[in-house]
Amino acid sequence: MKCCKVSDFACGRALKGMLLVFSLVLLLPLFPYAFAEKHSPIVVPNPGTDLWRAVRHASEGSSQVKGVDTGVLVDDNGKSWLEFRVKKLVPYSAYLLGGVLSVFLLYFLIRGRIKIEGGPSGRVVQRTTRIQRWAHWFVAIVFVILMLTGLVMLYGRWVLIPLLGPDGFSGTAQVAKTLHDYVGVLFVVGVPLLFVVFIREALIKFKVDAMWIVKGGGYLGGSHPLSGKLNAGQKLWYWTAVLGGVVLCVTGLILDFPNFEQGREVMQTSHMVHTIAAVVVTAFFFVHIYLSTLGMEGVFRAMTTGNVDSNWAKQHHILWYEEIKDQAVPESEPSEAADIPATAKQPG
Amino acid sequence: MARMKFLCDAERCIECNACVTACKNEHEIPWGVNRRRVVTIKDGEPGERSVSVACMHCSDAPCATVCPVDCFYTTDDGVVLHDKDICIGCGYCFYACPFGAPQFPATSAFGSRGKMDKCTFCAGGPEEDSSAEEKRKYGRNRLAEGKLPLCAEMCATKALLGGDGDRVSDIFRERITYRGSAAMAWGWGVAYDKQGVKKSYSQ
């Protein structure tokens, strides 16, 4: 080409110019839009469209009928709450809780009950104080009532109506709802109590606890990992119960007292958070129940008499056992070393 | 079979609250409960509109979907009703309803909710039609007497229409046709007549 012979610089300029013109031509069809946007002579807003669009998303109006949210004509947030509850919460919580139960049933069938290695020694060490046991059983009873009544509200429509009929289930649900509302207040007392009485033992020791988790607590075979008075699994349960408990208490109180005139959206959010926390704590609760009763020998007595067999302590909590093994006493006589009421045959 | 519907014409509603009062009186509704309310949007601003709202008797009612005791049912006329003997006052219907229709009388301690109450389309409840029991729990059953909801019958400007969906839409469609829609509704034509537009509103 000729221009290339004259100078590369000139050629480059010509090319750039051509590109510019070309791109302008390409953009040409868009110009009317830009123009129309600025210079449109007639603006006809449709009052209807804007008004009703705003109304649909809970735009606040006013009403002579005074009350909570009465000025809101339409609030479609309830739809998200409905879909969460019906399409997510109910099925997925059933999978989770059912899954946990199935896993433990399977584990029990394969592994059986975890026995004390070498059998009981006949010598016991103190595991819990009396205050800890009282706090434990207080929270336990309150929680079981709340869990059962909560499950009635969650699954009753599908599980209990076919069994009891609509009228029968209505009675059950009425009792469940009332109990849940009133006993829930006791849970607000229980959670801080639980927090205080077990906090010293439940503080996380990173190295030991991480190793315990890496080894799966020794439940899936391999050697038993080192553990202090509480192992990482128990600490995890403690923190789930305490933190989950706080969330449950806060959201529960919001739901419990509609007389403070919190609006629907606050209620919907609280309800979602409340149910998620409840399902998580319940799933962990199933783990706790299995491992402290059916799943393991020699552990339940820690929460009844307050002491455990020294061989059990050695097997499951070796670091703790090393600290207190000198305090072991024969099963028949009450220990003097530990605090006195805890080792006596106190009812839980 | 009719499919009952409410429709409130926002161009006509003058926020007189007669529908609210008529409903309260007809059904002897207790303090704190209003089955119907009038909501005013943009109060005192240009484009102010008022709409009377109550239970809309949805085809796929969210309240019925979430009710843990399954106390809702839909009549042959498409009216959504509930059984107060089964209701436990949990409030889930109130969370789910977009119109704020479910109401709860504060009958027990700490603001705990009583049995839910809502608009019945003047169709009572599951009890025998027009029985004293039905009247006490749900108010008067006007549909069984061959009458339409009182709120709509009372409406002075005929903004609130209630009845068979087909009839309601016929009336509204005719209005819209004569009125013009949206921006044109309150324009030149309304004040000075437009060629070819009939001014006498038949409904």
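FYI, side chains are in, hydrogens and waters are out, and symmetry mates aren't considered; it's all heavy atoms of this structure. Numbered from 1 within each chain, the chains take letters A, B, ... in sequence-line order.
- Between A/W81 and B/V66, the closest side-chain pair of non-hydrogen atoms falls below 4.5 Å.
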Q: Go through the steps to decide whether A/Q64 and B/R37 satisfy the test side-chain contact (heavy atoms from CB on, under 4.5 Å), and finish with yes or no.
A: CA-CA 8 Å; A/Q64 295 305 309; B/R37 68 187 194 281; over 6 Å; no
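- The closest side-chain heavy-atom distance from A/R85 to B/Y92 is below 4.5 Å.
- Here A/S62 is the residue among A/G71, A/P166, A/S62, A/G171 with the most heavy-atom pairs under 4.5 Å with chain B.
- Along residues 25-35 of chain B, the residues that come nearer than 4.5 angstrom to chain A, judged on non-hydrogen atoms, are B/N34 in order of number.
- Counting heavy-atom pairs closer than 4.5 Å to chain A, the top-ranked of the candidates B/V69, B/V20, B/V53, B/D85 is B/V69.
- Both the backbone and the side chain of B/C90 come within less than 4.5 Å of a heavy atom of chain A.
- With chain B as the partner, the residue from A/A176, A/A173, A/G263 showing the most heavy-atom pairs under 4.5 Å is A/A173.
- Counting only heavy atoms from C-beta outward, the side chains of B/R113 and A/P258 approach each other to under 4.5 Å.
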(Q) With side-chain contact (heavy atoms from CB on, under 4.5 Å) as the criterion, how do A/D167 and B/I86 come out once you've worked through the C-alpha distance, each side chain's angles and the decisive distance to 0.1 Å? (A) CA-CA 6 Å; A/D167 292 316; B/I86 288 180; 3.7 Å; yes
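- In this structure, chain B has no heavy atom under 4.5 Å from any part of A/H180.
- Side-chain contact between A/V72 and B/F99 is absent, with no heavy atoms from C-beta onward closer than 4.5 Å.
- Heavy atoms of B/C71 lying under 4.5 Å from chain A are absent altogether.
- Interface summary for chain A: among B/V38, B/I41, B/T40, B/D83, the most heavy-atom pairs under 4.5 angstrom belong to B/T40.
- Interface remark: A/I161 contributes side-chain atoms only to the contact with chain B (heavy atom separation under 4.5 Å).
- Inter-residue side-chain proximity for A/M153 and B/I88 is flagged as met; some heavy-atom pair is nearer than 4.5 Å.
- Contact between B/Y95 and A/M267 at its shortest, heavy atoms only, is CE2-CB, 3.4 Å.
- Of all residues in residues 121-131 of chain B, none places a non-hydrogen atom less than 4.5 angstrom from a non-hydrogen atom of chain A.
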